[in-house]
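Since this is a predicted model, take the numbers as computed values, not measurements.
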Amino acid sequence: MAFQDMLPLMADKLGGEGLIEELCNGFRMLMDRNKGVITFESLKKNCALLGLQDLGDDEVWSMIKEGDLDGDGGLDQMEFCVLMFRLSPELMQESEAWLQTALQASSQAPR
């Protein structure tokens, strides 16, 4: 199954704040309500909501490991958002361009 990167389209349509709000909604939809993080079990259980019902256990574990920056075995909200951006090369390129533009504007601003 091919992954279709929808984040750039969402960013264009919703803007930065709207995109972050949607990512937060996605996190809440996938997280384990008792633990407050996305666990292997909660992601596996909710894969069908993402159209990913065919993912095997190894692939689900890989997603958790890929995003688990603090090594606690789950994804907190920030780790989930970072992972979504990392999985979206086009959006990463756009965000790098936004950063460069902001840095150039700040260096040219009168002091």
Side-chain angles (χ1 to χ4, degrees):
M1 171 166 58
F3 172 74
Q4 183 177 2
D5 188 0
M6 300 300 289
L7 282 184
L9 297 173
M10 290 174 63
D12 287 344
K13 184 175 181 176
L14 302 172
E17 281 186 38
L19 176 62
I20 296 300
E21 185 177 325
E22 284 304 309
L23 286 173
C24 291
N25 289 338
F27 171 79
R28 285 189 293 275
M29 180 178 70
L30 297 173
M31 77 174 189
D32 179 305
R33 303 263 181 246
N34 296 322
K35 296 180 180 176
V37 297
I38 297 173
T39 63
F40 168 81
E41 293 80 14
S42 69
L43 183 56
K44 182 76 175 168
K45 182 176 93 174
N46 292 305
C47 276
L49 297 173
L50 302 172
L52 301 173
Q53 59 273 9
D54 296 332
L55 280 184
D57 288 357
D58 288 345
E59 293 165 306
V60 175
W61 271 119
S62 291
M63 289 178 74
I64 295 291
K65 288 178 190 172
E66 175 84 19
D68 184 13
L69 301 175
D70 62 10
D72 67 355
L75 302 179
D76 63 28
Q77 187 167 308
M78 184 59 70
E79 290 172 327
F80 173 74
C81 290
V82 168
L83 178 62
M84 292 299 98
F85 273 81
R86 286 176 52 204
L87 292 175
S88 177
E90 184 179 332
L91 197 57
M92 283 299 291
Q93 289 171 349
E94 285 181 31
S95 63
E96 288 173 13
W98 297 332
L99 176 61
Q100 288 300 323
T101 301
L103 290 173
Q104 286 174 352
S106 69
S107 68
Q108 296 171 358
R111 297 181 192 260

| Which pairs count as side-chain hydrogen bond (donor to acceptor under 3.5 Å, both in side chains) when at least one residue sits in residues 58-70, sequence neighbours excluded? | Glu66-Arg86
| request: Sort and list the pairs that fulfil side-chain hydrogen bond (donor to acceptor under 3.5 Å, both in side chains) and have at least one residue in residues 26-37, not counting sequence neighbours. | output: Asn25-Arg28
| message | Is it the case that over 12 heavy atoms from other parts of the model lie below 6.0 angstrom from the CE atom of Met29? | response | yes
| Could you state the interatomic distance from CG (Asn46) to CE (Met31), rounded to the nearest 0.5 Å? | 11.0 Å
| message | Working to the nearest 0.5 angstrom, can you tell me the gap between Leu69 CG and Asp76 CG? | response | 8.0 Å
| said: Could you see if Leu75 belongs to whatever hydrophobic cluster contains Leu43? Use Ile, Leu, Val, Met, Phe, Trp, Tyr and a side-chain cutoff under 4.5 Å. | reply: yes
| task | Using the rule that two of Ile, Leu, Val, Met, Phe, Trp, Tyr join whenever any of their side-chain heavy atoms come within less than 4.5 Å, decide whether Val37 and Met63 are in one cluster. | result | no
| Glu79 versus Asp72, closest heavy-atom pair with distance | OE1-OD1, 4.4 Å
| Looking only at heavy atoms, what is the nearest atom pair of Leu30 and Ser42, with distance? | O-OG, 2.8 Å
